[in-house]
Amino acid sequence: MRAKGSKLWASALADASPTPYWTDRPERPAPVPPLTSATTAQLAVIGGGYSGLWTALLAKERDPSADVVLLESGVCGHAASGRNGGFCSASLTHGLANGVDRFPDEITELERLGRENLDQIEDTLGRYAIDCDFERTGELEVATSAYQLDWLHESAELTRSMGYRAEVFDRDQVRAQVDSPTYLGGWWDRDRVAMVDPAKLAWGLRQACLSLGVRIYEGTPVLGLSSGRDGLTLRTPHGEVRAAKVALATSAFGPLLRKLKRYLIPVYDYALMTEPLSPAQLGDLGWANRQGLGDSANQFHYYRLTADNRILFGGYDAIYHFGNRIAPTLEQREATFDRLAEHFFTTFPQLEGLRFTHSWGGVIDTCTRFCAFFGTAFGGRLAYAAGYTGLGVGATRFGAQVMLDHLSGAATARTELDFVRSKPWPLPPEPLRSLGIQLTRWSLARADEHQGRRNLWLRTLDHAGLGFDS
Ligand SMILES: Cc1cc2nc3c(=O)[nH]c(=O)nc-3n(C[C@H](O)[C@H](O)[C@H](O)COP(=O)(O)OP(=O)(O)OC[C@H]3O[C@@H](n4cnc5c(N)ncnc54)[C@H](O)[C@@H]3O)c2cc1C
């Protein structure tokens with residue numbers, strides 16, 4: 001709770017609970033007990049976010065007799081997977097533009113694989129009766145400054161060139177979709193994005209894993225890894241796990257593999273949730289097609305409706321803390337919540353008086369290529385996938401397949417991709433790491449204020465293949 005302020009957005013935030021809306025609901029499952037004695041497994045999965053849950057589920061689908069253990073330090077889905085925006089995208093590369101820049105020779109195949117991945121997510125939800133309010137509404141990207149209109153046309157054109165539907169809207173047409181006075185144009189990516197309830201997705205995957213016989217231990221942090229004759233030993237507070245194979249799905253959290261530290265950058269992303277809109281308030285906005293929305297600046301907002309017609313409004317600030325710091329206290333950031341609330345009412349002034357019920361943050365695992373990277377360690381007995389940045393809801397399923405391919409030792413169409421074989425550029429250690437990240441953030445904010453013009457630093461990063469493109 002915070003003190004009431006004089007500003008419109010300060011009073012709208014006054015009663016916001018400092019917890020993620022999605023996991024703050026009675027449907028939350030009771031935790032399963034931690035590991036309390038030594039055990040063995042054919043496959044041990046570390047981490048119970050989407051990445052780990054998909055890996056365990058797919059491992060059982062590949063071989064129903066496999067003995068699979070999943071170890072989660074908190075409860076499954078408590079981290080990014082249970083607190084995100086719920087944009088489930090077909091893109092494996094954090095957007096088509098980023099994919100075209102980095103993997104021009106493979107982008108057509110990566111798009112095909114991404115679309116197949118999204119279709120298979122939808123199939124899986126049906127197969128296990130996972131009710132996570134999956135709505136294949138697509139995403140509406142809007143321009144809020146004139147210079148963004150060209151980008152918007154380019155994005156739509158690029159999307160069409162991949163065989164997808166992309167509808168471009170002028171100012172009046174986009175406002176007929178969703179009415180904000182800030183919109184100057186937009187385009188609707190109809191095929192490649194679904195909206196999900198993120199926590200219900202994580203809980204549903206967890207339940208599906210349990211139903212297939214995956215042994216899940218929550219409240220069980222893995223404290224260290226060592227290799228022995230028959231596999232790897234995972235140290236936990238109350239018992240060791242000896243496993244023939246290990247999938248490391250720990251995202252941005254203090255990596256158990258030292259070499260990942262060079263690549264991973266934990267960044268905090270924040271979101272607000274409103275109370276449910278009345279039919280009249282929703283009527284004022286339109287939004288009949290219920291698309292996810294994103295604006296086109298470097299520092300962009302993402303927002304969407306929930307099943308009960310609340311609005312989740314997030315993004316803009318992306319905060320890095322010196323030394324890759326991650327801590328629960330960093331999940332609250334008043335300056336960011338004030339900024340988001342102010343931007344919300346600028347976007348939708350007709351909603352004056354609406355209140356926010358929840359405000360929260362979470363950590364994402366970015367890297368210098370802004371999309372996942374993959375690899376193995378301990379002679380191929382451990383596989384990892386990380387670096388999804390802000391678009392892992394869908395892509396983690398693809399990453400899970402890659403981890404299982406790697407652990408099987410067989411070359412597959414996936415493991416042969418340059419996307420899978422290559423690594424992002426590593427980052428320097430502190431203090432250079434912080435300086436570089438802060439300079440980049442500052443430069444991106446300036447570009448947004450100056451018609452998208454990129455300064456020398458951003459142009460240098462672009463030239464080196466390190467430029468940010470959302
Ligand atoms: C606010 C926010 C909004 C977002 N919005 C979107 C969006 O709209 N669309 C999208 O695609 N992506 C979005 N993302 C990103 C997306 O949520 C992530 O890419 C995705 O959830 C990553 O899944 P994961 O399993 O890799 O990581 P996580 O969900 O972070 O799971 C990792 C798990 O590993 C566990 N763990 C870590 N270390 C250990 C250990 N040593 N032992 C045992 N367990 C351990 C953690 O407790 C955690 O549960 C958003 C993220 C945030 C924070």
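Atom set for the values below is all heavy atoms of this structure, side chains included, hydrogens, waters and symmetry mates excluded. Order of appearance sets the numbers: ligands from 1, and atoms from 1 within every ligand.
Considering both main-chain and side-chain atoms, Gly52 never comes within under 3.5 Å of ligand 1 through any nitrogen or oxygen pair. The shortest N/O to N/O separation between Val393 and ligand 1 falls below 3.5 Å. The N/O atoms of Trp360, backbone and side chain alike, include none that comes under 3.5 Å of an N/O atom in ligand 1. Below 3.5 Å of separation, one finds no N or O of Val75 facing any N or O of ligand 1. Polar contact check, Thr396 against ligand 1: no nitrogen or oxygen pair lies under 3.5 Å apart. Below 3.5 Å of separation, one finds an N or O of Glu72 facing an N or O of ligand 1. For ligand 1, the polar-atom distance check against Val363 finds no nitrogen or oxygen pair separated by under 3.5 Å. The shortest N or O to N or O distance between Tyr388 and ligand 1 is not below 3.5 Å.
In Arg421, the CZ atom is not crowded: 12 or fewer heavy atoms of neighbouring residues, nucleotides or ligands sit closer than 6.0 Å. The environment of Arg381 atom CZ is dense: over 12 non-hydrogen atoms of other residues, nucleotides or ligands sit within 6.0 angstrom.
For the ligand labelled ligand 1, residue Ser89 lies outside the 4.0 Å heavy-atom shell. Residue contact check for ligand 1: Ala271 places no non-hydrogen atom closer than 4.0 Å to it. Residue contact annotation: Thr220 has a non-hydrogen atom under 4.0 Å from ligand 1. Under the 4.0 angstrom criterion for non-hydrogen atoms, Thr389 is in contact with ligand 1. Residue contact check for ligand 1: Gly314 places no non-hydrogen atom closer than 4.0 Å to it.
The shortest non-hydrogen separation linking Glu72 to Gly49 is OE1-N, 4.2 Å.
Listed for the His301 side chain is no donor-acceptor partner under 3.5 Å among the backbone atoms of Asp295.
Both the backbone and the side chain of Phe87 come within contact range of ligand 1, each with a heavy atom under 4.0 Å. In Tyr302, the part holding a heavy atom less than 4.0 Å from any atom of ligand 1 is the side chain.
Salt bridge present: Arg112 and Glu116 bring a charged side-chain N and a carboxylate O closer than 4.0 Å.
Remark: of the listed residues Glu109, Arg369, Arg102, Arg369 is the sole one forming a side chain to side chain contact (heavy atoms under 4.5 Å, CB included) with Phe419.
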